2 protein chains.
Amino acid sequence: MTDLAARKTPLWQAIASALTEDIAEGRYREGDKLPTEAQLAERFGVNRHTVRAALAQLVDAGLVRTRRGAGAFVTARPTDYPIGRRVRFHRNLLAAGRTPDKRVLTAGEQVSTPYIAERLRIAPDAAVCYYHGLSLADGRPVALFESHFPAQRFPALAEVLRRTASVTAALAEYGVTDYTRAATRLSARAADATQALQLELKEGDPLLFSEGINVDSDGRPVEFGQTWFAGERITLTLGED
Amino acid sequence: MTDLAARKTPLWQAIASALTEDIAEGRYREGDKLPTEAQLAERFGVNRHTVRAALAQLVDAGLVRTRRGAGAFVTARPTDYPIGRRVRFHRNLLAAGRTPDKRVLTAGEQVSTPYIAERLRIAPDAAVCYYHGLSLADGRPVALFESHFPAQRFPALAEVLRRTASVTAALAEYGVTDYTRAATRLSARAADATQALQLELKEGDPLLFSEGINVDSDGRPVEFGQTWFAGERITLTLGED
DNA sequence: CGAAACTAGACAACTAGACATATCCTGCCA
DNA sequence: TGGCAGGATATGTCTAGTTGTCTAGTTTCG
């Protein structure tokens with residue numbers, strides 16, 4: 001029931017609570033697309049901008065996520081208050097590669113850059129295998145990662161990575177059964193437009209940036225990895241868990 | 001100065017500069033074929049048309065040439081692209097506790113908060129000594145810190161801290177000659193107005209936030225410290241270098 | 001009056017899908 | 001061996017629809 005008693009509360013607030021109720025009662029479920037702003041405007045008999053004010057409140061409350069050109073979607077986890085739930089999901093920095101779920105965005109071979117070559121201790125123009133993707137926890141993106149491997153030592157690694165979706169398993173196929181983190185550097189960065197899109201943040205939001213080198217038991221670099229964590233959504237813990 | 005807070009970059013522009021950087025750094029060399037529009041769309045998480053807008057700019061800039069049915073090929077490198085924006089700030093590397101110079105802002109005693117008391121393993125309303133200041137390197141502020149100590153164990157510590165300006169030296173006067181880091185948690189936060197002022201940043205700039213507990217040789221907590229690093233200005237390094 | 005709420009319209013940015021057209025590759029056949 | 005047909009891919013173009021942002025004007029109420 002959407003009663004138009006516009007006496008007391010602003011229209012946009014009434015619309016917001018009507019939509020909230022729709023979501024709470026399951027008329028729109030997780031991941032569902034809401035009607036377009038124009039349709040909602042017609043349904044409630046108001047201007048589109050009034051609907052937008054209501055939607056903005058839902059976005060602010062974390063109930064809904066909007067994507068320009070696509071629509072407004074009910075957020076997968078309605079109750080996601082970052083405080084309280086302890087994210088102990090990267091037990092330490094070394095585990096930057098092992099996550100409950102990950103999506104590989106690209107993988108392939110490329111000529112190295114001087115910077116990467118220096119880290120991997122290979123020739124400046126040698127080929128590297130790259131591996132770029134998104135880590136998720138509970139279905140929500142928490143980090144973007146980009147790894148580089150010496151292609152000469154690991155031929156056709158990209159394909160193996162796509163197949164196994166695990167760095168550890170992929171390297172094991174080349175006889176690298178154990179590797180450890182040699183150096184890690186941490187800083188904070190602002191998210192650019194594309195990072196924000198993929199991590200479901202706003203441009204300029206703080207990211208925890210990690211850069212590290214993994215070496216095999218002989219001390220030779222096998223991986224150079226960069227990771228951008230959604231700063232507010234993740235906490236890295238060092239030392240004891 | 002020139003840019004307003006929270007200016008929005010169009011996605012296609014962000015993608016265009018990401019690709020320009022890839023070319024500038026030699027990830028794609030002259031004559032190389034770029035990934036297909038569909039692959040790039042997947043990589044950046046956008047629609048193909050958005051990628052096309054980015055590619056159109058590269059074509060316009062003369063960096064890339066496209067051939068229908070074949071792909072997009074690199075024709076030249078950007079002439080005036082500021083290289084090294086990626087990761088080129090091996091400024092001062094500091095370990096997680098020691099800094100070249102520091103300025104004490106406040107120091108004193110107060111009643112603990114439940115959160116801090118839990119970390120220090122003291123009674124919820126016990127007194128704590130706090131110690132709040134600014135770390136500098138080369139005369140520039142790099143971090144804000146705020147430390148808490150159990151006041152009962154270290155009476156009049158605040159005065160000692162002001163005098164010695166060194167946590168290690170101050171604790172040594174109480175017989176604590178050695179302490180180690182028990183746990184550290186890291187995340188990224190946006191600077192608020194006061195933090196921005198003290199760190200000479202803009203409000204909303206990314207900060208690297210560190211929270212840690214130091215324990216003595218018996219494992220008893222002696223310090224609970226929080227540090228906010230100026231994210232773009234500082235790199236934390238872990239492990240050997 | 002002045003602020004908040006709402007309407008109205010226009011344009012930019014992005015998504016979605018369909019279709020045309022050029023190129024590449026592979027297998028078949030002479 | 002060489003050539004050709006055809007499928008798979010890739011870019012080019014078009015239409016349509018949706019959200020984001022801006023400016024401007026109107027209404028309502030304290």
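Only a predicted model underlies this, so the values are computations on that prediction, with no experimental measurement involved. Numbers restart at 1 for each chain; the letters A, B, ... are given by sequence-line order, proteins then strands.
- Here the side chain of B/N47 is nearest to one of C/dC6, C/dT15, D/dT11, namely C/dT15.
- For the OP1/OP2 pair of D/dG20 and a distance below 4.0 Å, the side-chain nitrogens and oxygens of A/T66 include at least one atom meeting the criterion.
- Taking only side-chain atoms of B/T36, from C-beta outward, the nucleotide of C/dA12, D/dA10, C/dA16 with the closest atom is D/dA10.
- The side chain of A/T50 contributes no N or O atom lying less than 4.0 Å from OP1 or OP2 of C/dA5.
- In this structure, CG on B/L58 lies 9.0 Å from OG on B/S17, to the nearest 0.5 angstrom.
- Counting non-hydrogen atoms of other residues, nucleotides and ligands closer than 6.0 Å to CZ of A/R162 gives a total above 12.
- Side-chain atoms of A/R48 come within donor-acceptor range of the base of D/dG20, with a qualifying N/O pair under 3.5 Å.
- In this structure, the CZ atom of B/R68 is 7 Å from the P atom of D/dG12, given to the nearest Å.
- Put simply, A/R52 has a side-chain N or O that comes within less than 4.0 Å of OP1 or OP2 on D/dG20.
- Residue-level contact check: B/R67 touches the backbone only, with heavy atoms under 4.0 Å from sugar-phosphate atoms and none from bases.
- Atom-to-atom distance recorded for A/F154:CZ and A/Y174:OH is 8.0 Å, nearest 0.5 angstrom.
- At the heavy-atom level, A/L55 lies nowhere under 4.0 Å from the strands shown.
- For C/dG17, the base has a donor-acceptor partner in the side chain of B/H49 [N/O atoms by modelled type, under 3.5 angstrom].
- Ring-plane geometry between A/F149 and A/Y131 is classed as tilted, the angle between the planes lying from 30 to 60 degrees on a 0 to 90 degree scale.
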